[in-house]
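Note on naming: letters A, B, ... go to the chains in the order of the sequence lines (proteins, then strands), and numbering restarts at 1 for each one. FYI, side chains are in, hydrogens and waters are out, and symmetry mates aren't considered; it's all heavy atoms of this structure.
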Protein chains: 2
Amino acid sequence: MSISSVLPSQTSGASLQAKSLIQEAGERPTLSRQVVLEILLNTPRALTHTEIASAAAEAGNALDRVTLYRVLDWLIDKELAHKIASEDRVWRFNALSRDAQNSSSTHEHAHFQCKYCGQLYCLDELRPAFAFTLPPGFQCEHAELTLRGRCPDCQD
Amino acid sequence: MSISSVLPSQTSGASLQAKSLIQEAGERPTLSRQVVLEILLNTPRALTHTEIASAAAEAGNALDRVTLYRVLDWLIDKELAHKIASEDRVWRFNALSRDAQNSSSTHEHAHFQCKYCGQLYCLDELRPAFAFTLPPGFQCEHAELTLRGRCPDCQD
DNA sequence: AGGTGAACTGCTACACTGTTGCATATGTCT
DNA sequence: AGACATATGCAACAGTGTAGCAGTTCACCT
């Protein structure tokens, strides 16, 4: 999947969606925030900081590197997005669906990362459920499940 | 847990264990390799590169940063150790037990990371087991389960 | 409208983790 | 001991993310 395929168009409904999501949260819908959220809403997979910066630049709304970091942190703080760590030491960001926002288990979903292209997908339908016993003294508050393998784009 | 508490002593049995493990693998038991493997064998949790470097320096065997990276990669290649990614973008390293080395599922164990001190533990006894269905086109080759919460050292 | 204050943005500089290239040192084998 | 492969150390670099600060923009309130 190329970067341009996830580009938002300034006249699309997604732009309005991004703006209204921010306004509904009672926050300032600045251009930077709209652009970034729009990009995240328009792609099914999680994007790296670099990918988001490229997409914004190609859309004619180049953002400063630092500003993008701050916008992303802000989106996470407002629970409009979340970030996922992976083995390549790069954060990937994805918009949170409205459903997920209303759910009490907002961040409780599994992830899939392709071993071959590195793309990372949220598996919203897949809620980890398992039984285990921890060694004494350990208290579990949260479980993260990441599946690794081959994504649809990397079939032989 | 302080760094010094995981320091190996040059006269301990662990040093001999590290050396013999390397020799059994048919490889050169250089001082750097012995020191690093010894440190990993002597601690129950996974250590960062920085922690290992400090431990080696305190033991009187200061290593070059790059050499340490290469020794760690070498240990992983020889399946004497493994590394684990975590949200702080830092690799943590742990020795693989002899049992694990003989097992076909060497790396198939869960991890626990403390939200409060960042320490990371391997849960060798805890093998992830769950049933799930992936979206079409996704092929799972490997699953990683990381539990997050409070470790024994961080109780109120 | 215009003023005010909070916030957002962009620039520069920096810290940290990890890698590459190359010269030197070390270990192993004969 | 000598030769050769390999391991080590140094320097320089790349990528990701953060901190400080000045300048700009925005929302709100007369």
Boundaries of the chain B footprint along DNA chain D (any atom under 4.0 Å from a heavy atom) = dA5(D) to dG17(D)
Give me the other members of the hydrophobic cluster that Ile84(A) sits in, counting Ile, Leu, Val, Met, Phe, Trp and Tyr linked by side-chain heavy atoms under 4.5 Å, directly or via other members.
-> Leu120(A)
Who else is in Tyr116(A)'s hydrophobic cluster (ILVMFWY, side-chain heavy atoms under 4.5 Å, direct or via others)?
-> none
Got a sec, which residues hit ring pair (Phe, Tyr, Trp, His ring centres under 6.0 Å) with Phe93(A), two or more places apart in sequence or on another chain?
-> none
Pairs: protein N or O with nucleotides 16-22 of chain C N or O, under 3.5 Å:
from	atom 1	to	atom 2	distance (Å)
dT17(C)	O3'	Arg89(A)	NH1	3.3
dG18(C)	OP1	Trp91(B)	N	3.1
dG18(C)	OP2	Tyr69(B)	OH	3.1
dG18(C)	N7	Arg65(B)	NH1	3.2
dG18(C)	N7	Arg65(B)	NH2	3.2
dG18(C)	O6	Arg65(B)	NH2	2.9

Could you tell me which residues satisfy side chain to side chain contact (heavy atoms under 4.5 Å, CB included) with Ala85(A), sequence neighbours excluded, listed by chain and number?
-> Trp91(A), Glu87(B)
Return the set of residues passing side chain to side chain contact (heavy atoms under 4.5 Å, CB included) with Arg65(B) (not counting sequence neighbours), or none when no residue passes.
-> His49(B), Tyr69(B)
Examine distances only and state if a side-chain atom of Gln113(A) and a backbone atom of Arg148(A) form a donor-acceptor pair shorter than 3.5 Å.
-> no
For residues 25-32 of chain A, run the donor-acceptor check on the side chains, cut-off 3.5 Å, and write out each pair with its distance to 0.1 Å, sequence neighbours left out.
from	atom 1	to	atom 2	distance (Å)
Glu27(A)	OE2	Lys78(A)	NZ	3.3
Thr30(A)	OG1	Arg33(A)	N	3.4

Please identify each residue that fulfils salt bridge (Lys or Arg N to Asp or Glu O under 4.0 Å) with Lys115(B), with sequence neighbours left out.
-> Glu141(A)
Could you list the residues that satisfy salt bridge (Lys or Arg N to Asp or Glu O under 4.0 Å) with Arg92(B), not counting sequence neighbours?
-> Asp88(B)
Could you tell me the separation between the CG atom of Leu75(A) and the C1' atom of dC8(C), rounded to a whole number of Å?
-> 13 Å
Scan nucleotides 24-30 of chain C nucleotide by nucleotide, 5' to 3', and note B when protein non-hydrogen atoms come under 4.0 Å of the base, S if they reach only the sugar-phosphate, - if neither.
-> ---SS--
Does Gln23(B) have any side-chain hydrogen bond (donor to acceptor under 3.5 Å, both in side chains) partners at least two apart in sequence or in another chain, and if so, which?
-> none
